[in-house]
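Structure first, commentary second.
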Amino acid sequence: MEVFDDEWLAYILRLISDYAPANIWSLHRKVYELEKKGVLPRHSWVWLGKYPRSPEVDAALGLLSLMGKIVVKGELVVPARGSTSL
């Protein structure tokens, strides 16, 4: 579960803020590209399917949503009003 530490969740939240409104598939693609370049603070994601999709990214989106930091509207993810950090 070390994948879901505060540093990692904050990084995902910053990505969402930078690309808002972010399409979920585009967000997965961006995380995939950054992970492959070695930019991300953790390197233990599992990528599924022809189009990269990670259960860890989906779980992070779920956690951020439960924390009230993001809002998921269909295929779009946006930061919740006033949520710029954990």
Roughly how far, to the nearest 0.5 Å, is NZ of Lys69 from CG of Leu61?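 It is 15.0 Å, given to the nearest 0.5 Å.
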Which value, rounded to the nearest 0.5 Å, describes the distance between Leu63 atom CG and Ile70 atom CD1?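 CD1 of Ile70 is found 9.5 Å from CG of Leu63.
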Could you pull out the closest heavy-atom pair between [X] and [Y], with the gap in Å?
| X | Y | value |
| --- | --- | --- |
| Ile24 | Gly74 | CD1-O, 3.9 Å |
| Leu9 | Ala60 | CD2-CB, 3.8 Å |
| Ala20 | Pro79 | CB-CD, 3.5 Å |

Audit row: Ile16, Leu64, side chain to side chain contact (heavy atoms under 4.5 Å, CB included) steps and yes/no: CA-CA 11 Å; Ile16 292 167; Leu64 290 169; 4.2 Å; yes
Do the side chains of [X] and [Y] join up, straight or via other hydrophobic residues, at under 4.5 Å, putting them in one cluster?
| X | Y | answer |
| --- | --- | --- |
| Leu34 | Trp8 | yes |
| Ile12 | Val71 | no |
| Val78 | Tyr19 | no |

Under 3.5 Å, side chain of Ser26 to main-chain N/O of Ala22, donor-acceptor pair present?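 No, Ser26 side chain to Ala22 backbone: no donor-acceptor pair under 3.5 Å.
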So do [Y] and [X] actually touch side chain to side chain, heavy atoms under 4.5 Å?
| X | Y | result |
| --- | --- | --- |
| His28 | Ser54 | yes |
| Trp25 | Arg53 | yes |
| Glu56 | Val31 | no |
| Leu15 | Leu27 | yes |

